[in-house]
Number of protein chains: 2
Amino acid sequence: MTRTSSRTQVHSQDCGDCPIRHRAVCARCESDELDRLEQIKYYRSFEAGQTVVWAGDRMDFVASVVTGIATLSQTMEDGRRQMVGLLLPSDFVGRPGRDTSAYDVTAATDLVMCCFRKKPFEDMMLNTPHLGQRLLEMTLDELDAAREWMLLLGRKTAREKIASLVCIIARRDASLQLRASDGELRFDLPLTREAMSEYLGLTLETVSRQMSALRKEGLIVTEGKRQIVIPDFDRLLEETGDDSDGGFLI
Amino acid sequence: MTRTSSRTQVHSQDCGDCPIRHRAVCARCESDELDRLEQIKYYRSFEAGQTVVWAGDRMDFVASVVTGIATLSQTMEDGRRQMVGLLLPSDFVGRPGRDTSAYDVTAATDLVMCCFRKKPFEDMMLNTPHLGQRLLEMTLDELDAAREWMLLLGRKTAREKIASLVCIIARRDASLQLRASDGELRFDLPLTREAMSEYLGLTLETVSRQMSALRKEGLIVTEGKRQIVIPDFDRLLEETGDDSDGGFLI
DNA sequence: CATCGTTTTTGATCTGCATCAATGCGGTTG
DNA sequence: CAACCGCATTGATGCAGATCAAAAACGATG
């Protein structure tokens, strides 16, 4: 299966404070529309751990992540939590046409979001076709990501889940990072063990144990608090259970 | 959390052979666009068990389910399978802007699909805003469903998974079925134990055992091959682990 | 109606991950 | 520097669901 997700291709052209992430598309929008966007946008900052909105709360804006990481999570009555969205810079939050959040939105790291009041944003969508088209494309990408995630949750072992997550972060982060000549890959893993466990449908103890196992086997190296080095990306990939081709790497 | 999914509201207005499912929206499209749609559409039938397309295969059409049930599945190298989409009549298949299928598409029951050659369909999307808007809305609904599904896969027990699936099918099917006066709900469960296990991330043995357990406790009654009766829907709902309000029932 | 293939049920056993519990490790604060 | 806090690691044990295996139910077919 060759999965040429447009997510990856677009990523290198991101513009953090553009609501629709893809500079090439924005440039095609009429300039007065862009001006109007400028007028209705504002920034909000959050500290790591803070909640942006709770599931069920009124949410009268849509937004895109400028810097940091936000998560979407669902919680069951008894407290069991499952992350259902991981938002990196340039990712979009919020659903046009709905006025309450369906998920807890949380700042996993210090976070800056670029917000747009929802009503004006929706109005603009009506007469700016590119906006809707771009949003559709992004939503389809997210749906693909969600389905990949479902395979992970439903069928992968703990070890495969961990390897997959590390590879996913590495891929999404790597465009911004340097890659050493020998294929070594160095980047930040900005999630706590607990956040990782919520992403993977595991307990944090299992996450910790499996991280230790991968470390002992030399598949990953941890440097300091959150910095991670992957000496051989392809070898780690083999632990994910995914198709070896994968369609695209980095 | 009140989840007023537009999926449910729209459902009662479905038109099976309309590509975009919602008659009220279609009616707003200019009639010559509708005519052109008519010209490029054609029907395909499949028997239960047949594969519509394999992951990675060329897919030069988009389609909507007319009758029957189709599934989207991902397969790992060693054969582990996870269902990632369950398509009932009026649901949409295929991604504009991608020419290979990312998933195995399979007929879970006898199936009729209404297909549109992709190129003309994409052309038409460009100058029929409503088409894109409707598609965006449907994709957002699917994303919400996928995220609900992720919670099920990552955090629910086998028992909760089974109860959830039965309730999901009951809800989606129920609009077409009769509901007895005493709150009893009778409908078809058109999935094999294996298909259920692929949906839920379980083995078919576990599915069978948990179905038996629910049957013994009187939460469900099976009549003949695939007919299911839920004597008390609310009581079954309590077994799903979901918020008791749920936002919307049936 | 007997036979056969498919699907489902049930049983016995095993195991991967959860659970419960304690210890370690920086980083921050008084 | 000591005390403390949040986070991570490691250990001991239990259990839900997987696995392996067999029998039963059901429908189709000659």
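For the numbers below, each heavy atom of this structure counts, side chains included, while hydrogens, waters and symmetry mates do not. Each chain gets a letter, A, B and so on, in the order its sequence line appears, and its residues count up from 1.
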*Give the rounded distance in Å between these two atoms: CG of B/L152 and C1' of D/dG17.*
15 Å
_Separation of atom CE in B/M196 from atom C1' in C/dT7, rounded to whole Å_ = 13 Å
_Length of the CG-P vector between A/L202 and D/dT9, whole Å_ = 15 Å
*asked:* In whole Å, I'd like the distance from the CZ atom of B/R159 to the P atom of D/dC15.
replied: 18 Å
*Within less than 4.0 Å of OP1 or OP2 of D/dT9, is there a side-chain N or O belonging to A/R209?*
no
*Do B/T75 and B/R81 have side-chain N/O donor and acceptor atoms under 3.5 Å apart?*
yes
_Looking at B/E198 and B/R80, is any side-chain nitrogen of the basic one under 4.0 Å from a carboxylate oxygen of the acidic one?_
no
*State which of D/dT10, D/dG17, D/dT19 makes the closest approach to the side chain of A/S208.*
D/dT10
_Closest-nucleotide 5' rank along DNA chain D - winner of A/R155 and A/R226_ = A/R226
*First of B/E205 and A/T206 reached from the 5' end of DNA chain D, by closest nucleotide*: A/T206
_Short side-chain N/O contact from A/R215 to OP1 or OP2 of D/dT9, under 4.0 Å_ = yes
*Nucleotide C/dT8, atom P - distance to CD of B/E223 in whole Å*: 18 Å
*Mind checking A/S212 for me? I need base, sugar-phosphate or nothing, with any heavy atom below 4.0 Å counting as a touch.*
sugar-phosphate
*Using the six-membered ring wherever Trp is involved, compare the ring planes of A/F61 and A/Y42 and label them parallel, tilted or perpendicular (cut-offs 30° and 60°).*
perpendicular
_Length of the CD-P vector between B/E160 and D/dG17, whole Å_ = 9 Å
*Touch check for B/T192, heavy atoms < 4.0 angstrom, all strands: base, sugar-phosphate only, or nothing?*
sugar-phosphate
_So A/L204, base contact, sugar-phosphate only, or nothing? Heavy-atom distance under 4.0 Å._
nothing
*asked:* Can you confirm if the aromatic rings of A/Y103 and A/W54 lie within a centre distance of less than 6.0 Å?
replied: no
*Would you mind reading off the distance between B/L191 atom CG and C/dT7 atom P, rounded to a whole angstrom?*
13 Å
*Could you tell me whether A/R186 and A/E223 make a salt bridge, using a distance below 4.0 angstrom between a side-chain N and a carboxylate O?*
yes
*Rounded to the Å, how far apart are A/L189 CG and D/dC7 P?*
15 Å
